Participant: 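Below is one structure. I have some questions about it.
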Amino acid sequence: MTTVRIPEGWPATEEQARAVQDELRARVILDEPGPPPGTGHVTGVDVAYDDERDVVAAAAVVLDASSLAVVAEATAVGRVSFPYVPGLLAFREIPAVLAALDAVACPPGLVVCDGYGLAHPRRFGLASHLGVLTGLPTIGVAKNPFTFEHDAPAAPRGSTSALLAGSEEVGRALRTRDGVKPVFVSVGHRVTLPNACAHTLALTPRYRLPETTRRADALCRQALRQTYSV
DNA sequence: GCGACAG
DNA sequence: ATCTTGTCGC
């Protein structure tokens, strides 16, 4: 377990945070396909909080993309860096996520985030932001449609429908299990939307949520609990 | 002005 | 995110 460091000049206000998004947005790469599903490494990152104690715990779990076996994992604990504000989630999660990613002992490959990338009020969600800061290919897989519109995808696993901001497709609702509520996939950095959906399907052989986020979620919660019993 | 709103 | 027990179903 390592310690979270809040970067110098980290935004302190919502206005500053939005200005950072507006500047970094230009660095997102959308025209690379990204790694082929089922090859190399796939890494899940997630964060758990205790706002009462001002404590944050993050986890990064690296899986072998073809077997989904855990290859490496790391956690980071520290102070909360930003309050939760819809549209500014990245400022709350990224310092902890970066610390956990830095502590992992092997190349992360594709990084799967809990939340959104392109599907964001300013088109620069958590997955986009993390991708720009690390240079890694990233995607976002969210559990809710946020403020976006969508029709229900057909019932079979693998069915999709457009996630829309007006008439712009910012992501896809993707059914990962027959007849179960879909997940919401969007592109982060250096990955294409169809490829992001293919990765998500490859990571959901059994459960609605990707193995990466399930593993990372369990690990960061555990790290947060250990913070109490010490 | 009010409500909604990733995690 | 987090607070929280059992329960219905594959």
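Note that the coordinates shown come from a computational prediction; the quantities given were computed from them, not determined experimentally. In the text below, chain A, chain B and the rest are named by the order of the sequence lines, each starting its count at 1.
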Participant: Under 3.5 Å, is there a donor-acceptor pair between the A:Ser161 and A:Arg175 side chains?
Facilitator: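 A:Arg175 and A:Ser161 do not have a side-chain donor-acceptor pair below 3.5 Å.
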Participant: Under the criteria of a ring-centre distance below 5.5 Å and an interplanar angle below 30°, is A:Phe184 stacked with the base of B:dA6?
Facilitator: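 Check failed, A:Phe184 does not stack on base of B:dA6.
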Participant: Look at the side chain of A:Asp51 and the backbone N and O of A:Asp54, then say whether any donor-acceptor pair between them is shorter than 3.5 Å.
Facilitator: no
Participant: Could you check how far OH of A:Tyr84 sits from P of B:dC5, rounded to whole Å?
Facilitator: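 Answer to the nearest Å: 10 Å.
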Participant: Using the side-chain heavy atoms of A:Thr147, tell me which of these nucleotides is nearest: C:dA1, B:dC5, B:dG7.
Facilitator: B:dC5
Participant: Which is true for A:Ala119 with a 4.0 Å heavy-atom rule: it touches a base, it touches only sugar-phosphate, or it touches nothing?
Facilitator: nothing
Participant: What is the distance from CG of A:Asp114 to P of C:dA1, rounded to the nearest Å?
Facilitator: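 Whole-Å distance recorded here is 6 Å.
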Participant: Any side-chain donor-acceptor pair under 3.5 Å between A:Glu93 and A:Tyr49?
Facilitator: yes
Participant: Rounding to an integer number of Å, can you tell me how far A:Leu126 CG sits from B:dG7 P?
Facilitator: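 For the pair A:Leu126 CG and B:dG7 P, the rounded distance is 10 Å.
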Participant: Just checking A:Gly140: base, sugar-phosphate only, or nothing, at a heavy-atom cut-off of under 4.0 Å?
Facilitator: nothing
Participant: Atom CD of A:Glu52 to atom P of C:dT2: distance rounded to whole Å?
Facilitator: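 Rounded to the whole Å, the gap is 13 Å.
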Participant: Is A:Arg177 near enough to C:dC10 that one of its side-chain N or O atoms lies under 4.0 angstrom from OP1 or OP2?
Facilitator: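 For C:dC10, OP1/OP2 do not have a side-chain N/O of A:Arg177 under 4.0 Å.
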Participant: Rounded to whole Å, please give me the gap between CG in A:Asp178 and P in C:dG9.
Facilitator: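 Answer to the nearest Å: 19 Å.
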Participant: Any side-chain N or O of A:Lys143 below 4.0 angstrom from OP1/OP2 of B:dA6?
Facilitator: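 Indeed not, no polar side-chain atom of A:Lys143 lies that close.
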Participant: Looking for any heavy atom pair under 4.0 Å, which part of the strands does A:Leu88 touch: base, sugar-phosphate only, or nothing?
Facilitator: base
Participant: How long is the line joining CZ of A:Arg53 and P of C:dA1, in whole Å?
Facilitator: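 Spelled out: CZ on A:Arg53 to P on C:dA1 is 18 Å.
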Participant: Select base, sugar-phosphate, or nothing to describe what A:Asp50 touches, counting heavy atoms under 4.0 Å on all strands.
Facilitator: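 Result for A:Asp50 = nothing.
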Participant: Would you kindly give the CZ-to-C1' distance between A:Phe146 and B:dG3, to the nearest whole Å?
Facilitator: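 Rounded to whole Å, this separation is 14 Å.
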Participant: Taking the basic N atoms (NZ, or NE/NH1/NH2) and the acidic carboxylate oxygens, is any pair closer than 4.0 Å for A:Asp50 and A:Arg53?
Facilitator: yes
Participant: A:Arg18 has an atom CZ; how far is it from atom P of B:dC5, in whole Å?
Facilitator: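 One finds 19 Å between P of B:dC5 and CZ of A:Arg18, rounded.
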Participant: Does OP1 or OP2 of B:dG7 have a side-chain N or O of A:Tyr49 closer than 4.0 Å?
Facilitator: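 No, outside the criterion.
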Participant: Does A:Asn144 put a side-chain nitrogen or oxygen below 4.0 Å from OP1 or OP2 of B:dC5?
Facilitator: no
Participant: Taking 4.0 angstrom as the limit, do A:Arg18 and A:Asp22 come out as a salt bridge?
Facilitator: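 Judged by the 4.0 Å cut-off on N to carboxylate O distance, A:Arg18 and A:Asp22 do not form a salt bridge.
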